[in-house]
Amino acid sequence: MSEAIFSKAKEMKEEILAQLVSNEQELESFRIQYLGTKNQIKPLFAEMRNISNERKKEFGQLLNDLKQTAEHKFEELKGSVSGSANEGQAADLDLTAPPGEIVLGSRHPVSIVLNRFIKIFTKIGFTVVEDREVEDDWHNFTAMNTPEDHPARDMQDTFYLKDSTTDLLRTHTSSVQARVMTSQKPPIRIIAPGRVYRNETISARSHCQFHQVEGLYVDENVSFADMKQTLDYFAKEMYGPETKIRLRPSFFPFTEPSAEMDVWLGTETENARKLTKGTGWLEVLGCGMVDPNVLENCGIDSKKYSGFAFGIGIERSAMQKYGISDIRMIFENDIRFISQFKSEI
Ligand code: DAH
């Protein structure tokens, strides 16, 4: 009987000496197995009472040796685990090396220009509203006083959803005017930025997707002079305090009267001549007094309220600002192109 216990203890010593660990987890299971409160050596100590008196001393020495072997082995294994983890790091780590360059991201030119618009208009009390890109023809066309037979409704110009004659990708952010006027009561003072879609052949000048910012102001006694004042403020903020504007008569189904706003860039610089095709005037946005039909379509009393609206193309503004000659570059997301623009905000 005692012989078996002796050899069990000896076997355990061999077992301990043969242990290898490769990570912290394995080290911890070694510790639990041989040094923990319920370790495997402990039950052998309990066997002491079964050992004959002559051999008790010998057995005691064997067990102490076993325990020490386990403790030494644990220290050795611990060294090998933490040593290997540190070794790789220590070799790579040069505390005297200068820090690496931190590459900052940059904003997309469309975001830079959009943020500028938002900053300019929120400063005078406009709030930002966003709405859906998949619209129905009522909000995109009917409510905006665009008749059934208007060419813009044609499949040639508008992307309709598959198998639908009513659901489409909005062709302008003016649809948000209808969304806002049917859900809010005047006074309304909003700008609505977002992506719009048109079934255009992609070229340097036009794309099937682009961004606009819509503006809408509806209240009692809103006049054309209010609109002109607001847009003059916008132009001075956007293009500099000396900027002059001019409003040219135009036509949009949802405004009456309608106008297009140009800003004076002059003809002195080559860039200004190029952008304005030699006239000095740069076309910037469409605007007008909200057509009473549009107010009525959206359930707003046109006898009591009036309003103005405007729409600005963001890509066009970005192209003018940065001298980008091809709209396709804006959507290609080539990092060499889009990382050039420094945010001013
Ligand atoms: N929706 C027009 C377009 O996409 C732009 C526009 C013109 C918006 C005049 C307006 C406006 O709100 O009053 O070409």
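On a predicted model such as this, the values are computed, not experimentally measured, just so you know. We count ligands from 1, going down the list as the structure has it; atoms in each ligand are counted the same way.
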Show the atoms of ligand 1 that are less than 4.0 angstrom away from any heavy atom in Gly286.
7 (C), 9 (C), 11 (C)

Fit a plane to each ring of Phe30 and Phe74, take the angle between them on a 0 to 90° scale, and name the class: parallel (under 30°), tilted (30 to 60°) or perpendicular (over 60°).
parallel

With heavy atoms and a 4.0 Å threshold, my read on which part of Phe310 contacts ligand 1 is backbone

Ion pair Glu47/Lys8, N-O distance below 4.0 Å
no

Heavy atom of Phe254, distance to ligand 1 below 4.0 Å
yes

Side-chain contact test, heavy atoms from C-beta onward, threshold under 4.5 Å: evaluate it for Asp157 versus Arg153 and give yes or no.
no

Heavy-atom contacts under 4.0 Å between Glu260 and ligand 1: side chain, backbone, both, or neither?
neither

Nearest heavy atom to atom 3 (C) of ligand 1 wins, so pick from Arg198, Arg170, Glu214, Met144.
Arg198

Can Gln177 be said to touch ligand 1, with heavy atoms closer than 4.0 Å?
yes

Residues 192-200 side chain polar contacts: donor-acceptor under 3.5 Å, at least two apart:
from   : atom 1 : to     : atom 2 : distance (Å)
Arg195 : NH1    : Gln209 : OE1    : 2.4
Tyr197 : OH     : Glu133 : OE1    : 2.5
Arg198 : NE     : Thr171 : O      : 3.0
Arg198 : NH2    : Thr171 : O      : 3.0
Asn199 : ND2    : Met155 : O      : 3.1

Could you list the atoms of ligand 1 found under 4.0 angstrom from a heavy atom of Thr255?
13 (O)

Any idea which atoms of ligand 1 are less than 4.0 Å away from a heavy-atom of Gly288?
13 (O)

For Glu135 and Leu168, run side chain to side chain contact (heavy atoms under 4.5 Å, CB included): C-alpha distance rounded to whole Å, both residues' side-chain angles, the deciding distance at 0.1 Å, then the answer.
CA-CA 5 Å; Glu135 255 305 351; Leu168 46 83; 4.0 Å; yes

Taking NZ, NE, NH1 and NH2 as the nitrogens, is one of them in Arg248 or Glu283 under 4.0 Å from a carboxylate oxygen of the other?
yes

Quick one: which ligand 1 atoms are inside 4.0 Å of a heavy atom on Ser174?
1 (N), 8 (C)

Under the ring pair (Phe, Tyr, Trp, His ring centres under 6.0 Å) test, which residues partner Phe337, sequence neighbours left out?
Phe341

Contact with ligand 1 for Met227, non-hydrogen, under 4.0 angstrom:
no

Enumerate the atoms of ligand 1 whose separation from the nearest heavy atom of Ala309 is less than 4.0 angstrom.
12 (O), 13 (O)

